[in-house]
Amino acid sequence: MRRITDDTGIFQHTKFGVPDRSKGYTTDDNARALIAAVLLYSSKKDPVTLALIHTYISFIHHAQNTDGNFRNFMDYNRTFVEDSGSEDCQGRTVVLSGQFGWNDIGSWDALGAIFPPDKSGNIIKANHMGLDTRNSIIYGNGRLITTIGVDGFIIADTGDALLICPKDKAQSVKDIVELLKENGMTEYI
């Protein structure tokens, strides 16, 4: 794939493995290459494949029209030669291939399946510094969160709102959401 891809995308045709520049590129071939590169990267994790993924995504992004449809054929001079691609082109660009498990989050504790707890039982996805902090879930978006003597709490800082509650009261968040609605504070939902 590396040999038939340049900084624009994967070439549409080759002659004995050498890119045929006269045929240019297509969005549907870059979509196929993206799927192959993602599958390869999921098993090898090498930076060269990651760079190919970025190239293919960039091509597809550039091929999209403002109405959401995709152009398909691009000549070697980097000019699309049509306003809209075929149905095959449209379909290939919306196919998502992936191998991933499913976890219906549904509760704060389910985060432990995605983010393993540390040695103190904390699930931390934040800029956090703590002393004597155990069995807690701490989530933030950049601002430092510090804790002292916290056990069994959820602390979630989203930038415009801060939630602090015991883990066994997590289901009451829906009641807070209702209060926010009743008080016209829907911007925090």
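Side chain of Asn141 to backbone of Thr158: a donor-acceptor contact under 3.5 angstrom is found. Although no hydrogens or angles enter the test, the distance criterion places a donor-acceptor pair under 3.5 Å between the side chain of Asn122 and the main chain of Asn135. Of the possible polar contacts, one joining the Ser43 side chain to the Leu40 backbone as a donor-acceptor pair under 3.5 Å is found. When atom types are taken as modelled, the side chain of Asn69 and the backbone of Asn65 share no donor-acceptor pair closer than 3.5 angstrom. Of the possible donor and acceptor atoms, one in the side chain of Ser42 sits under 3.5 Å from a partner among the backbone N and O of Leu39. Put simply, the side chain of Asp75 gets close to the backbone of Asn77: a donor and an acceptor are under 3.5 Å apart.
Classified by interplanar angle (parallel below 30°, tilted 30° to 60°, perpendicular above 60°), the ring pair Tyr76/Tyr25 is parallel.
Defined by atom type and a distance below 3.5 Å, a donor-acceptor pair is present between the side-chain atoms of His128 and Thr147. For the residue pair Asp20 and Ser22, a side-chain donor N or O sits within less than 3.5 Å of a side-chain acceptor on the partner. Side chains of Asn30 and Thr27: a donor-acceptor N/O pair is absent below 3.5 angstrom, by distance only.
Ser172 is linked by a side chain to side chain donor-acceptor pair (under 3.5 Å) to nothing, counting only residues two or more places apart in sequence or in another chain.
Transitive grouping of hydrophobic side chains (ILVMFWY, heavy atoms separated by less than 4.5 Å) keeps Leu162 and Val173 in distinct clusters. Cluster membership for Val177 and Tyr188, using ILVMFWY side-chain heavy atoms within less than 4.5 angstrom, is shared. Put simply, Ile60 and Ile53 are part of the same group of oily side chains (I, L, V, M, F, W, Y) that touch within less than 4.5 Å, one to the next. Cluster annotation: Met129 and Ile138 are assigned to distinct hydrophobic clusters (Ile/Leu/Val/Met/Phe/Trp/Tyr, side-chain heavy-atom contacts under 4.5 Å, transitive). Linking Ile, Leu, Val, Met, Phe, Trp and Tyr whenever their side-chain heavy atoms come within less than 4.5 Å leaves Phe59 and Ile57 in two separate clusters.
Nearest heavy atom pair, residue Ser136 against residue Val150, reads OG-CG1, 3.5 Å. When all heavy atoms of Met1 and Ala37 are compared, the closest pair comes out as CE-CB, 3.8 Å.
The neighbour count for Ile148 CD1, taken as heavy atoms of other residues, nucleotides or ligands under 6.0 Å away, does not exceed 12.
Using a 4.0 Å cut-off between charged nitrogen and carboxylate oxygen, Arg71 and Asp83 do not count as a salt-bridge pair.
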Which side-chain N or O atoms in residues 8-18 pair as donor and acceptor under 3.5 Å with protein atoms at least two apart or in another chain?
| residue | atom | partner | partner atom | Å |
| --- | --- | --- | --- | --- |
| Thr8 | OG1 | Arg78 | NE | 2.6 |
| Thr8 | OG1 | Arg78 | NH2 | 3.2 |

Check the pair Asn72, Glu82 against side-chain contact (heavy atoms from CB on, under 4.5 Å), reporting the backbone distance first and the verdict last. CA-CA 7 Å; Asn72 195 29; Glu82 62 189 355; 2.8 Å; yes
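Geometric assessment of Lys44 against the ring of Tyr41 yields a negative cation-pi assignment under the 6.0 Å and 45° thresholds.
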